[in-house]
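A quick write-up on the structure given underneath.
Excluded from the calculations below are hydrogen atoms, water molecules and symmetry mates; all remaining heavy atoms, backbone and side chain alike, are included. In what follows, chains carry the letters A, B, and so on, assigned in the order in which the sequence lines appear, proteins first and then strands, with residues in each chain numbered from 1. Just so it is clear, the structure is predicted and the values come from calculations on it, not from any experiment.
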Protein chains: 2
Amino acid sequence: MSNYRTDTARLAAAFKALSNPNRLNIFSRLLLCCASGSACQVDQCMKIVVGELGKDMDIAASTLSHHLKALHQAGLISMQRRGQHVDCWVNAEMVEQLSFFLNISKN
Amino acid sequence: MSNYRTDTARLAAAFKALSNPNRLNIFSRLLLCCASGSACQVDQCMKIVVGELGKDMDIAASTLSHHLKALHQAGLISMQRRGQHVDCWVNAEMVEQLSFFLNISKN
DNA sequence: TCTATAGTTCGATATATGTCGAACTATAGA
DNA sequence: TCTATAGTTCGACATATATCGAACTATAGA
């Protein structure tokens, strides 16, 4: 499987999602969430609520929402409503695919 | 060291360089060049001439040049004139930095 | 049922990007 | 010195993107 054109397009779309500094910043926070030593609570481990992600970032709520949608559509994050809030977390498989691509010459 | 803002901007710029399908395709060819089993000659190992990179891609020479410039400015590739030709090769350190970022939670 | 909180969608707008062809520069070789 | 080949730069243009504020939807709690 893995049509070359489609594959390239999919990867390019994912890289595009990481190409905006604000969006990359948001994604970083998710990547770092609950990395060894961070302070997340157990039941929220790996997840952050949308509002948290935008903290100290000086962008409008609508812009934050827009960026999260872009990350989601690129397959980089997942989102799920939990009451009033929406949880976000990294989609590890997609990150793995990007990493694999970058290290293709080593494999 | 490694100012956070600057770092984010640098990484975002690199991801942006990979965000266009044609550009990603060009970069793929460089990544795969001389990966185990490929057919490059020894003295050209890891390098491809600009013209080669655009083969079968159906884009204008000027567009190819534009894309290579973008990859170069993002620190992803290096270029050097050799007579009539210009050699291109991947900048492994930059690729390593992107990979490191993606795997940050594992480190 | 009313209100507050958390997010999203919409429309507008300024800016950036990808692409082309034409004109240019640099090198090799006759 | 002339010509062919390899790339680059320039200017134009259509399309995509980032951002905002306003209006909207969804949920929780009084």
Side-chain angles (χ1 to χ4, degrees), chain A residues 5 8-30 33 43-44 47-89, chain B residues 5 8-30 33 43-44 47-89:
Chain A
R5 263 186 230 160
T8 302
R10 249 170 30 89
L11 288 176
F15 283 130
K16 175 176 282 179
L18 300 177
S19 75
N20 174 274
N22 281 335
R23 212 152 49 215
L24 185 60
N25 197 0
I26 292 166
F27 186 70
S28 292
R29 292 183 188 198
L30 277 177
C33 170
D43 67 344
Q44 291 189 323
K47 296 177 183 175
I48 314 184
V49 147
V50 168
E52 277 298 308
L53 281 172
K55 264 192 179 166
D56 311 319
M57 278 199 60
D58 204 33
I59 57 175
S62 56
T63 304
L64 173 60
S65 194
H66 167 74
H67 284 322
L68 288 170
K69 192 175 177 182
L71 289 168
H72 179 58
Q73 289 182 334
L76 283 162
I77 67 171
S78 297
M79 304 176 77
Q80 187 171 38
R81 180 169 277 280
R82 181 168 52 87
Q84 241 171 329
H85 300 260
V86 173
D87 285 332
C88 306
W89 64 98
Chain B
R5 263 186 231 160
T8 301
R10 250 170 30 89
L11 288 176
F15 284 129
K16 174 177 283 179
L18 300 177
S19 75
N20 174 273
N22 281 335
R23 212 151 50 216
L24 186 59
N25 198 359
I26 292 165
F27 187 70
S28 292
R29 293 183 187 199
L30 277 177
C33 170
D43 68 344
Q44 292 189 323
K47 295 177 183 174
I48 315 185
V49 148
V50 168
E52 276 299 309
L53 281 171
K55 265 193 179 165
D56 311 318
M57 278 197 61
D58 205 33
I59 57 175
S62 56
T63 303
L64 174 60
S65 193
H66 168 73
H67 284 323
L68 287 170
K69 192 176 177 181
L71 288 168
H72 179 59
Q73 289 182 335
L76 284 163
I77 66 171
S78 297
M79 303 176 78
Q80 187 171 37
R81 179 168 277 280
R82 181 170 50 88
Q84 241 171 328
H85 299 260
V86 172
D87 285 332
C88 305
W89 64 96

inquiry  = Using OP1 and OP2 only, check whether a side-chain N or O of B:Asn20 sits under 4.0 Å from C:dT17.
reply    = no
Examine D:dT17: is either OP1 or OP2 under 4.0 Å from a nitrogen or oxygen in the side chain of A:Lys16? Give yes or no. yes
Note: for A:His67 and A:Gln84 on DNA chain D, the residue whose nearest nucleotide lies more 5' is A:His67
Assert: residue with more 5' nearest nucleotide on DNA chain D, out of A:Gly83 and A:Ala70, is A:Ala70
So what's [N] paired with, Watson-Crick or G-U wobble, going by both distances under 3.5 Å?
| N | result |
| --- | --- |
| C:dA30 | D:dT1 |
| C:dA16 | D:dT15 |
| C:dT25 | D:dA6 |

What one should report as the nearest heavy-atom pair of A:Ala12 and B:Asn20 is CB-C, 4.2 Å
To the nearest Å, how far apart are [X] [atom1] and [N] [atom2]?
| X | N | atom1 | atom2 | value |
| --- | --- | --- | --- | --- |
| B:His66 | D:dG7 | NE2 | P | 18 Å |
| B:Asp87 | C:dT27 | CG | P | 14 Å |
| B:His85 | D:dT8 | NE2 | C1' | 15 Å |
| B:Lys69 | C:dT25 | NZ | C1' | 14 Å |
| A:Gln73 | D:dT17 | CD | C1' | 14 Å |
| A:Leu71 | D:dA18 | CG | P | 10 Å |
| B:Leu53 | D:dG7 | CG | P | 9 Å |

Nearest 0.5 Å, what's the [atom1]-[atom2] distance between [X] and [Y]?
| X | Y | atom1 | atom2 | value |
| --- | --- | --- | --- | --- |
| A:Thr8 | B:Ile26 | OG1 | CD1 | 11.5 Å |
| A:Asp58 | A:Thr63 | CG | OG1 | 10.5 Å |
| B:Leu24 | A:Lys16 | CG | NZ | 11.5 Å |

Taking the side chain as C-beta and beyond, is there a heavy-atom pair between B:Met57 and B:His67 under 4.5 Å? no
Q.
Using only modelled atom types and a 3.5 angstrom limit, is any donor from either the side chain of B:Ser62 or the base of C:dG21 paired with an acceptor on the other?
A. yes
Open item on the list: Any donor-acceptor pair, under 3.5 Å, between the side chain of B:Thr63 and the base of C:dG18, if you only look at N and O atoms?
Closed with: no
**Message:** Once you apply a heavy-atom cut-off of 4.0 Å, does B:Ile59 come out as touching a base, just sugar-phosphate, or nothing?
**Reply:** sugar-phosphate
